[in-house]
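To keep things clear, I will list the structure first and then write my remarks on it.
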Amino acid sequence: MVPDGVSEVLLHACCAPCSSAIVEWLMASGVQPTIYYYNPNIWPREEYNIRKEESKRFAASLGIRWIDDDYNHEAWRTGVCGLENEPERGRRCEQCFTLRLLAAARKARELGIRYFATTLASSRWKSLEQIERAGRAAEQQVGDVIFWAQNWRKGGLQERRNQLLKEYGFYNQQYCGCEFSARQAVTKPVLRQQMRDAKRQHQSLLAAMSEQIAEQLRQRLTDSRVVLAYWPLPDEVDIRPVVRWMAAQGKTVLLPKVTGDETMELRRYSSDSDLTEGAFHIQEPMGENFKDAAAIDVALIPGMAFDAAGRRLGRGRGYYDRFLSTIPQVHKIGVCFPFQRVAEVPTEDHDERVDEVCS
């Protein structure tokens, strides 16, 4: 229910999916929202930028004002110092809410907007009581503004959120954004399932994403002479156009072939006629066996997830980790969709890292 006299609200937004149904409902209820994007808790920076651009895109599609505030992650970490090991819904979360809503209250007062609210209250993973306490604390500290405490999970808004997520093709993040939360919650099996779910949610966008990533790779590989690539599975970034382009450019293109002893060997690729279905229904090359690993300039490596430190989550069979350990000198580029870049990939001693990630 809209409070009496409310015609405008500064809406602190954590992401586009959480904002979508709320903004739609506000506008239908005669309330003009201004989206305020202030989330220095989000880590790494790449994740922050993806969420920011999605929020900005959503606001632009509706013609509403959108404000981006400072990303100062170090200041946020200082603000939650000593609470790093708190569990979800613990004191760290409430302090995080307080820091962000205090900034929202100040921005509302600066803009002359009487009411401010937050999309944080749409998540079933967050405590509504903590959010309201944080909002009231910000309201009292700043003055001349009112926190609109609303449970955005009711009235069909959660169901509408899921519909809009698909309609807009939003990037749908797999964790709240906080690095400490991500480290506590994610295991390899959980992260693999999250990525499978994310691929299903983004199914209609995978082809377009692949085209954009392929163009980045062409530019990146212009001067490379010998490239280890991969022939994609249906749910992986489709780099087949890049593989064909490299072969047409006269580059030496290598593709992996799984052998019976749970290892991989490299075979030359010259055209699609070189391929036949191999292990796990993957198209594998029949060309010449290539053994001069020292000659490889770049290796393109698929994965289920990557993080900013180059940690990689594979499918769990270890083929790539065993093989990559034999070519430490080769520059390795992880290839994935944007939503496969996460805060932190859980790793073990045998897991190999990549040098950069292209998404």
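Values in this document were obtained by computation on a predicted structure and should not be read as measured data.
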With under 30° as parallel and over 60° as perpendicular, where do the rings of [X] and [Y] fit, or are they tilted in between?
| X | Y | result |
| --- | --- | --- |
| W148 | W25 | tilted |
| Y168 | F58 | perpendicular |
| H202 | F339 | parallel |

Report task. Test ring pair (Phe, Tyr, Trp, His ring centres under 6.0 Å) on Y269 and Y230 and set out the steps. Result -> CA-CA 10 Å; Y269 166 93; Y230 66 90; over 10 Å; no
Query raised in the report: Can you tell me if CZ on R244 sees more than 12 non-hydrogen neighbours from other groups inside 6.0 Å?
Result: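 Above 12, so yes.
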Report task. Answer yes or no: are there more than 12 heavy-atom neighbours, outside R91 itself, under 6.0 Å from its atom CZ? Result ->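 No.
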Between [Y] and [X], is there a side-chain donor-acceptor contact under 3.5 Å, judged purely by atom types and distance?
| X | Y | value |
| --- | --- | --- |
| W152 | T119 | no |
| N39 | R100 | yes |
| R160 | Q163 | yes |
| E53 | N49 | no |
| Q203 | R200 | no |

Query raised in the report: With a 4.0 Å cut-off, would you call E47 and R51 a salt bridge?
Result: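 Yes.
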Query raised in the report: Hey, are R312 and E352 close enough for a salt bridge, meaning a charged N less than 4.0 Å from a carboxylate O?
Result: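 The answer is no: the pair does not qualify as a salt bridge.
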Query raised in the report: Are the aromatic rings of F337 and F306 close, with centres under 6.0 Å apart?
Result: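 Not close enough - the centres of the two rings lie 6.0 Å or further apart.
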Group every Ile, Leu, Val, Met, Phe, Trp and Tyr by side-chain heavy-atom contacts under 4.5 Å, then state whether [X] and [Y] land in the same group.
| X | Y | value |
| --- | --- | --- |
| L26 | L165 | yes |
| I146 | L101 | no |
| I42 | L191 | no |
| M246 | I333 | yes |
| L62 | I67 | no |

**Report entry** Distance, nearest 0.5 Å, that separates CG of L157 from CD1 of I22
**Finding:**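 Spacing of CG (L157) from CD1 (I22) equals 7.0 Å.
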Query - Criterion side chain to side chain donor-acceptor pair (under 3.5 Å) on Q219 and E215, from CA distance to verdict - result: CA-CA 6 Å; Q219 297 177 17; E215 181 56 33; 3.2 Å; yes
Between the main-chain N or O of [Y] and the side-chain N or O of [X], is there a donor-acceptor pair closer than 3.5 Å?
| X | Y | answer |
| --- | --- | --- |
| R267 | K257 | no |
| E284 | V258 | yes |
| D321 | D351 | no |
| Q340 | M304 | yes |

Requested in this report: Check step by step if side chain to side chain donor-acceptor pair (under 3.5 Å) holds for Q158 and N162.
Outcome: CA-CA 7 Å; Q158 191 67 30; N162 294 334; 4.6 Å; no
Requested in this report: Among V226, D274, V242, V243, find the one that has a side-chain contact (heavy atoms from CB on, under 4.5 Å) with V253.
Outcome: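 Output: one option passes, namely V243.
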Query raised in the report: Quick one: does R240's side chain get under 4.5 Å of W231's, heavy atoms only?
Result: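 A side-chain contact exists here, since the closest heavy-atom pair is under 4.5 Å.
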Query raised in the report: Does any non-hydrogen side-chain atom of C18 lie less than 4.5 Å from one of R161?
Result: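 A side-chain contact under 4.5 Å exists here.
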Query raised in the report: Among K52, K56, K107, whose salt bridge (Lys or Arg N to Asp or Glu O under 4.0 Å) with D68 holds?
Result: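 The single option meeting the salt bridge (Lys or Arg N to Asp or Glu O under 4.0 Å) with D68 is K52.
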Query raised in the report: How far apart are the C-alpha atoms of H331 and E356, what are their side-chain angles, what is the distance that settles it, and do they pass the side chain to side chain contact (heavy atoms under 4.5 Å, CB included) test?
Result: CA-CA 8 Å; H331 188 82; E356 61 177 290; 2.7 Å; yes
Report task. Applying side chain to side chain contact (heavy atoms under 4.5 Å, CB included), run through L102 and V142 and close with a yes or a no. Result -> CA-CA 7 Å; L102 182 59; V142 173; 3.7 Å; yes
Requested in this report: Evaluate side chain to side chain contact (heavy atoms under 4.5 Å, CB included) for L99 paired with V80, printing each intermediate quantity in order.
Outcome: CA-CA 9 Å; L99 293 170; V80 299; 4.3 Å; yes
Requested in this report: Decide yes or no on side chain to side chain contact (heavy atoms under 4.5 Å, CB included) for L83 and Q95, but give the supporting numbers first.
Outcome: CA-CA 9 Å; L83 304 174; Q95 175 66 1; 3.9 Å; yes
Query raised in the report: Can R153 and E159 be said to form a salt bridge (Lys or Arg N to Asp or Glu O under 4.0 Å), step by step?
Result: CA-CA 9 Å; R153 306 170 194 172; E159 292 77 11; over 6 Å; no
Query - Nearest atoms (heavy-atom pairs only) where V342 meets P44 - result: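 Looking at all heavy atoms of both residues, the closest pair is O-CD, 4.1 Å.
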